[in-house]
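This structure is a prediction, so every number in the text was calculated from the model and none was measured. The sequence lines fix the lettering, A, B, ..., with proteins before strands; numbering per chain opens at 1.
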Amino acid sequence: MTGSAAVDRKSAATIASTHLAQPVRMGRPYHHAIAPPMLDLKTVTEDLDGVRAALGRRGPGAIASLDRIDALAAQRRDQIARSEALRAERNDASKAMASLDKKGPEFAERRDALKRLGNEIKALEDSLGQVLGELEELVMALPNLPDPSVPDGAGEDDNVVLRTWGDKPAFDFEPRDHVDLGTALGILDFERGAKITGSRFTVLRGAGARLERALMSFMLDMHTTEHGYEEMWPPALVNANSLRGTGQLPKFEDDLFHVGRQYDEADDSEHVRLYLSPTAEVQITNYHADEILEPGSLPRRYTAYTPCFRSEAGNYGKDTRGLIRQHQFDKVEMVCLCAPEEGVAQLELLTGHAEAILQRLGLHYRAVQLCTADLGFSSHKTYDLEVWLPGQDKYREISSCSWFGDFQARRARLRYRAEVGAKPRLVHTLNGSGLAIGRTLVAILEQYQQADGSIRVPEALRPYVGGLERVTP
RNA sequence: GGAGGAGUGGCCGAGUGGUUGAAGGCAGCGGUUUUGAAAACCGCCGAACCCGUGAGGGUUCCAGGGGUUCGAAUCCCCUCUCCUCCUCCA
């Protein structure tokens, strides 16, 4: 994705830091250059076996590049050292030039010698640029290390159910799914959604639209007034840098919709290329990117409603019926930035905030811990909340709450000072859906359906729908 | 979309090719003084990477990228952002 050509004329230290630790991001959000790796290169090289063991739990693919990375890291160190030594030499000699007679023979002689030195440095740094380019590509593609508490597994069947809340609603009739219910009630229009846009797009109508809007307000209100979150309303489009920060790029470009142009090699110009954000995690987590947060400002909790856009590449034929898997859906997201010591506890807290929404709505669900095979690329540890859908006779994911450790913070340069004057440290990031609104609507339709096809409105939601108690045709 | 202007350290702001990571000021931190506070004075006060057990040494960063040059914050090109005017528009 990124060209080593873009950096190979820079100095060794600049290249090194740009690639591997401190991508300067502010003020150039559309630039095609490079974010740092998610795993600290030092960690990888100093504890290669430990990293191999931990990453290997995700499967063999996760560790395939480790030996190559190790070799490249050694080259990197060597070439940086040589390049910097040459630069030091040139700096000294160059300073002396200032006091020489510019017309004299000695000046000309030294200038020619320095020109040769300059070419040598350039060649060395071109080579270093290639090493760093490959290294960065490989390291950026390494997923996060799973937390020791994450169970081993080969697939979602190995996720561990932690607890269930509530009971499956008892029906004295055959429960229908939300597609039948919503279509009959005239509140979900799948056909016209497909007509005006395409498959996996739906029009909500009447009480359906109202419920969607009500759920958004209800969730935001709970998080802001009861759970201590600050509300945000971010842009729906994001740049590539932000997506690298949270880990969607470079590996998962195919999952994203994008607009605009990008780098044009023909004239070395760059143009705007933006992506439709797949989750507010991107906007909100990157909100403080490249900043050093003041002492005492953690933990920070933000919540935001956003539309989310996913191409669902590779999911052809999966969940084609109904609202479950749309190209565009609505979600209220929670994000937490905290000190490293607090990460574990914050995950429990944040998951509880998502659960509180389900409980207030009276929706039966269960909490599961994802196993190594199901753990997301950036995640260190994840709990999913799965709501009961009688129409499918299944539990389906409605929230995913993750602790990322410093993985995202390293990519996005999210740092803080524990106290005034202290060295900056990477924060820990967490986020969770609180909740996916469309799936919440699905759960309400299916769990609250009545024999006559009408839907009882959960009491907590009634103030948001003008006191409406029941949705009828 | 058209025409101009601008982008320097937490903030303001010097600096148009050579001991400038960058004057000066503000803010912040430490100290002197004070019953305490303020004021005054003194000192400290960015980040990252490489080498080193350490002390310490080195390299880089003036929106971002590329180029010219022995040498670039300073010159050239591209991109981004902000401001002003015009145009358009929810």
Show your reasoning for whether side chain to side chain donor-acceptor pair (under 3.5 Å) applies to Q283(A) and E333(A).
CA-CA 10 Å; Q283(A) 293 99 308; E333(A) 186 76 0; over 6 Å; no
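Listed by chain and number, the residues in a ring pair (Phe, Tyr, Trp, His ring centres under 6.0 Å) with H353(A) are H227(A), Y229(A) (sequence neighbours excluded).
Take the nearest nucleotide of RNA chain B for P424(A) and for E89(A): the residue whose nucleotide is more 5' is P424(A). Summary of the strand contacts: K95(A) and D112(A) both lie near RNA chain B, and taking for each the nucleotide with the nearest heavy atom, the more 5' one is attributed to K95(A).
Comparing U59(B) with G43(B), their P atoms sit 28 Å apart, to the nearest whole Å. Rounded to whole Å, the separation between the P atoms of C45(B) and G30(B) comes to 15 Å. Rounded to whole Å, the P atom of G71(B) lies 13 Å from the corresponding atom of G67(B). A gap of 15 Å separates the C1' atoms of G15(B) and G7(B), to the nearest Å. Comparing U16(B) with G66(B), their P atoms are spaced 25 Å from each other, to the whole Å. Comparing the same atom, C1', in C70(B) and in C86(B) gives a spacing of 48 Å after rounding to whole Å. A distance of about 23 Å separates the P atoms of G64(B) and U69(B), rounded to the whole Å. When the P atom is compared between U35(B) and C26(B), the two are found 27 Å apart, to the nearest whole Å.
Between K42(A) and C50(B) there is a side-chain N or O to OP1 or OP2 distance below 4.0 Å. Here R111(A) does not reach the OP1 or OP2 of U69(B): none of its side-chain N or O atoms lies under 4.0 Å away. At C70(B), none of the side-chain N or O atoms of R90(A) fall inside 4.0 Å of OP1 or OP2 (strictly under the cut-off). Put simply, R417(A) has no side-chain N or O that comes within less than 4.0 Å of OP1 or OP2 on G46(B). Here R82(A) does not reach the OP1 or OP2 of C50(B): none of its side-chain N or O atoms lies under 4.0 Å away.
Closest approach to the I292(A) side chain among U59(B), G18(B), A47(B) is made by A47(B) (side chain taken as heavy atoms from C-beta onward). Taking every side-chain heavy atom of K423(A) into account, A47(B) is the closest of G18(B), A47(B), C50(B).
When both pairing distances are held under 3.5 Å, A40(B) makes a Watson-Crick or G-U pair with U32(B). Both distances falling under 3.5 Å, in either a Watson-Crick or a G-U wobble arrangement, place A47(B) opposite U60(B). With a cut-off of 3.5 Å on both pairing distances, the Watson-Crick or G-U wobble partner of C85(B) is G2(B). Nucleotide C70(B): paired with G18(B) (Watson-Crick or G-U wobble, both distances less than 3.5 Å).
Contacts of R110(A) with the nucleic acid, taken as non-hydrogen atoms under 4.0 Å apart, are absent. Contacts of N91(A) with the nucleic acid, taken as non-hydrogen atoms under 4.0 Å apart, involve only primed sugar atoms and P, OP1 or OP2. K115(A) comes within contact range of the sugar-phosphate backbone alone, with a heavy-atom separation under 4.0 Å but no base atom that close. Residue contacts shown for R415(A) are limited to sugar-phosphate atoms, with no base heavy atom under 4.0 Å away.
Following rounding to the nearest Å, E46(A) (CD) and C49(B) (C1') show an atom-to-atom distance of 14 Å. Atom C1' of nucleotide A48(B) and atom CG of D290(A) are separated by 12 Å, given to the nearest angstrom. Nucleotide U69(B) holds its C1' atom 16 Å from the CZ atom of R116(A), rounded to whole Å. Here the P atom of nucleotide U59(B) and the CG atom of L117(A) are 13 Å apart, to the nearest Å. Put simply, CG on N119(A) is 13 Å from P on G67(B), counting in whole angstrom units. Rounded to an integer number of Å, the gap from CZ of R77(A) to P of G52(B) is 9 Å. Rounding to whole angstrom units, CG of residue L86(A) and C1' of G71(B) are separated by 16 Å.
Of the candidates E312(A), R200(A), R325(A), R200(A) is the only one forming a side chain to side chain contact (heavy atoms under 4.5 Å, CB included) with T320(A).
Side chain of T382(A) to backbone of L375(A): no donor-acceptor contact under 3.5 angstrom is found. Side-chain N or O atoms of R57(A) include one that pairs as donor or acceptor with a backbone N or O of V150(A) at under 3.5 Å. A donor-acceptor pair is defined here as one N or O able to donate and one able to accept, closer than 3.5 Å; such a pair exists between the side chain of T246(A) and the backbone of S242(A). Listed for the H178(A) side chain is a donor-acceptor partner under 3.5 Å among the backbone atoms of L323(A).
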